[in-house]
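One structure is given here, and the rest of the page talks about it.
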Number of protein chains: 2
Amino acid sequence: MPTPPRTSRQDIVAAARRILESDGLEQLTMQRVATEVGVRAPSLYKHVRDRGDLIRLVGNDTALELADRLDDATAGILEPGLAITALARAHRAFTQSHPQSYRLLFADLPAGWRIDADANARAADALFWAVEGLVGQDHALEAARTVVAWAHGFATMELAGAFRLGGDVDSAFDFGVATLTAAIADRHTTA
Amino acid sequence: MPTPPRTSRQDIVAAARRILESDGLEQLTMQRVATEVGVRAPSLYKHVRDRGDLIRLVGNDTALELADRLDDATAGILEPGLAITALARAHRAFTQSHPQSYRLLFADLPAGWRIDADANARAADALFWAVEGLVGQDHALEAARTVVAWAHGFATMELAGAFRLGGDVDSAFDFGVATLTAAIADRHTTA
DNA sequence: ACCTGAACACCGTTCAAGT
DNA sequence: ACCTGAACACCGTTCAAGT
């Protein structure tokens with residue numbers, strides 16, 4: 001006898017995202033999610049394969065939302081240097097407002113739990129045209145990787161509380177953006 | 001009636017490091033560690049406070065070993081630019097040979113599980129004199145943070161398999177080191 | 001002083017039984 | 001077609017009892 005579903009995959013992923021962000025990955029248990037959406041834990045297995053699958057779905061959603069924020073940030077900005085700065089700021093803002101979800105994007109999840117390549121690629125796209133405008137096609141990939149690595153490293157260190165030697169973290173961020181964009185632009189001229 | 005200890009804190013931490021590196025953090029269970037050192041799980045609590053404490057001790061050891069590798073790398077190098085390059089290479093080599101342990105250094109562990117500040121500071125020390133030599137005291141902290149953020153970000157993205165768009169990752173690394181050292185040296189001249 | 005088995009409160013996951 | 005309770009194999013941790 002068919003019965004109407006009492007929850008949905010969307011509901012479940014949304015609940016998982018809330019729990020992750022408020023209480024961390026360890027608290028993201030099937031039981032917590034089930035309670036949140038109003039069913040019992042075993043029912044979740046009708047909608048997601050297992051906990052790893054759920055975590056993967058949360059990661060995909062997060063990657064797509066980050067991509068949206070990055071796209072928003074560069075809307076209407078034509079000058080590559082300004083675009084890179086805007087992207088870096090938007091990236092940092094996202095990591096600060098979604099620390100737990102952001103971490104998830106670079107966690108070493110077991111095979112099969114990995115974030116879809118597509119979702120991650122979209123987040124990278126916004127950066128590429130900006131960097132390419134600054135450095136030229138020859139070194140676009142290397143340059144983009146340098147900027148992304150810096151932005152990601154800065155964000156995770158900040159989230160982990162790794163900047164402990166005093167000084168102003170905001171000014172270190174500004175210094176970093178300015179140094180990198182200048183250096184990459186310079187590569188264009190000298191290459 | 002006193003009985004001689006059948007294991008030690010050192011043994012336990014060493015076993016934990018082996019398990020972490022070979023099977024990942026999730027497999028680093030009290031039961032696995034106990035089996036490895038030849039006792040039952042409850043006995044471990046005579047030597048470490050709880051699993052979090054054990055993880056913290058593993059992280060401390062890792063940070064100190066990384067610091068040693070960085071010190072080794074710069075032994076005898078006097079030119080700041082070469083020192084930064086050597087540090088970056090040694091850092092990357094360490095992350096590749098100890099991927100799981102390295103990750104741990106920047107995980108968001110619950111309060112009380114955190115790596116000792118001292119252990120992390122020693123790893124940072126080696127970099128500071130090199131950067132300071134290149135950029136001068138004024139911007140030493142910001143510049144060091146820029147280099148560390150890039151190196152850390154590059155490493156974690158590489159470990160997470162985030163460089164998926166083809167191209168040569170090694171050449172992106174070389175590009176990054178060259179760009180950053182040049183940019184920071186330039187800051188000195190123009191500041 | 002250290003180690004142990006038993007116990008407790010949790011997990012994720014499976015599955016037969018309900019509607 | 002979906003949901004459920006019961007069950008299983010795991011966790012971390014505590015504690016009284018052994019030596």
Side-chain angles (χ1 to χ4, degrees), chain A residues 1-60 100 104 107-114, chain B residues 1-60 100 104 107-114:
Chain A
M1 189 82 66
T3 72
R6 219 163 292 174
T7 183
S8 69
R9 188 155 157 149
Q10 259 201 348
D11 275 0
I12 291 169
V13 174
R17 291 189 70 183
R18 283 195 303 273
I19 294 166
L20 171 63
E21 211 45 80
S22 61
D23 295 314
L25 187 58
E26 211 155 327
Q27 295 302 312
L28 177 46
T29 68
M30 299 305 266
Q31 323 220 6
R32 270 291 298 275
V33 174
T35 302
E36 190 91 1
V37 301
V39 299
R40 303 288 180 162
S43 303
L44 298 179
Y45 293 81
K46 286 287 163 186
H47 300 94
V48 299
R49 190 157 27 87
D50 53 22
R51 180 170 178 261
D53 191 39
L54 176 54
I55 289 174
R56 204 192 92 247
L57 294 170
V58 168
N60 283 345
Q100 299 285 349
L104 196 58
D108 78 323
L109 305 172
W113 297 22
R114 300 254 167 69
Chain B
M1 191 80 67
T3 74
R6 219 162 294 176
T7 183
S8 69
R9 187 151 155 155
Q10 259 201 348
D11 275 0
I12 292 169
V13 173
R17 291 188 70 182
R18 283 195 302 272
I19 295 167
L20 171 64
E21 210 46 78
S22 62
D23 295 315
L25 187 57
E26 212 156 325
Q27 296 301 314
L28 176 45
T29 67
M30 298 305 266
Q31 323 221 4
R32 270 292 298 274
V33 174
T35 302
E36 190 91 3
V37 301
V39 298
R40 302 289 181 162
S43 303
L44 299 178
Y45 292 81
K46 287 288 164 186
H47 300 93
V48 299
R49 190 157 26 85
D50 53 23
R51 180 171 179 261
D53 191 38
L54 176 54
I55 290 174
R56 204 192 93 248
L57 293 170
V58 168
N60 283 344
Q100 299 285 350
L104 195 60
D108 78 321
L109 306 171
W113 296 24
R114 298 254 169 67

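When reading the values below, keep in mind they use all heavy atoms of this one structure, side chains included, and skip hydrogens, waters and symmetry mates. Convention: sequence-line order gives letters A, B, ...; per-chain numbering from 1.
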Worksheet, complete the sentence: Rounded to the nearest 0.5 angstrom, the CG-CD1 distance for A:L44 and A:I12 is 5.0 Å

Discussion item. What is the distance, to the nearest angstrom, from the CG atom on A:L44 to the P atom on C:dC15?
Written reply: 17 Å

Item to complete: Please check the phosphate of C:dC2 (OP1 and OP2 only) for any side-chain N or O of B:R40 closer than 4.0 Å.
Response: no

Worksheet entry | Residue B:S43, side-chain heavy atoms: nucleotide from C:dC3, D:dG5, D:dC3 that is nearest | C:dC3

Item to complete: Rounded to the nearest 0.5 Å, what's the gap from NE2 on A:H47 to CG on A:L54? Could you check?
Response: 12.0 Å

Worksheet, complete the sentence: Base-paired stretches in DNA chain D with three or more consecutive Watson-Crick or G-U pairs, both distances under 3.5 Å, amount to C:4-8 with D:12-16, C:12-16 with D:4-8

Worksheet entry | Gap separating the CG atom of B:L57 from the CZ atom of B:R49, nearest 0.5 angstrom | 9.0 Å

Worksheet entry | Under the side-chain contact (heavy atoms from CB on, under 4.5 Å) test, residues paired with B:E36 that sit two or more places apart | B:A15, B:R18, B:I19

Worksheet item: When rounded to the nearest 0.5 angstrom, what distance separates CZ in B:R32 from CG in B:D23?
Response: 4.5 Å

Discussion item. Would you compute the distance between atom CG of B:D108 and atom CZ of B:R114 and round it to the nearest 0.5 angstrom?
Written reply: 8.0 Å

Worksheet item: How would you list all residue pairs meeting salt bridge (charged side-chain N to carboxylate O under 4.0 Å, His left out) that involve residues 4-14 of chain B, not counting sequence neighbours?
Response: none

Worksheet entry | Selection: residues 8-22 of chain B, any non-hydrogen atom under 4.0 Å of DNA chain D | none

Worksheet item: How far does CG of B:L25 sit from CG of B:L20, to the nearest 0.5 angstrom?
Response: 6.0 Å

Item to complete: Can you sort out the partners of B:R51 under side-chain hydrogen bond (donor to acceptor under 3.5 Å, both in side chains), two or more places apart, ordered by chain and number?
Response: none

Worksheet entry | Given B:E26, B:Q27, B:Q31, the one that forms side chain to side chain contact (heavy atoms under 4.5 Å, CB included) with B:T29 | B:Q31

Fill in: Heavy-atom protein contacts under 4.0 Å, nucleotides 6-13 of chain C, coded B base, S sugar-phosphate only, - none
B----SBB

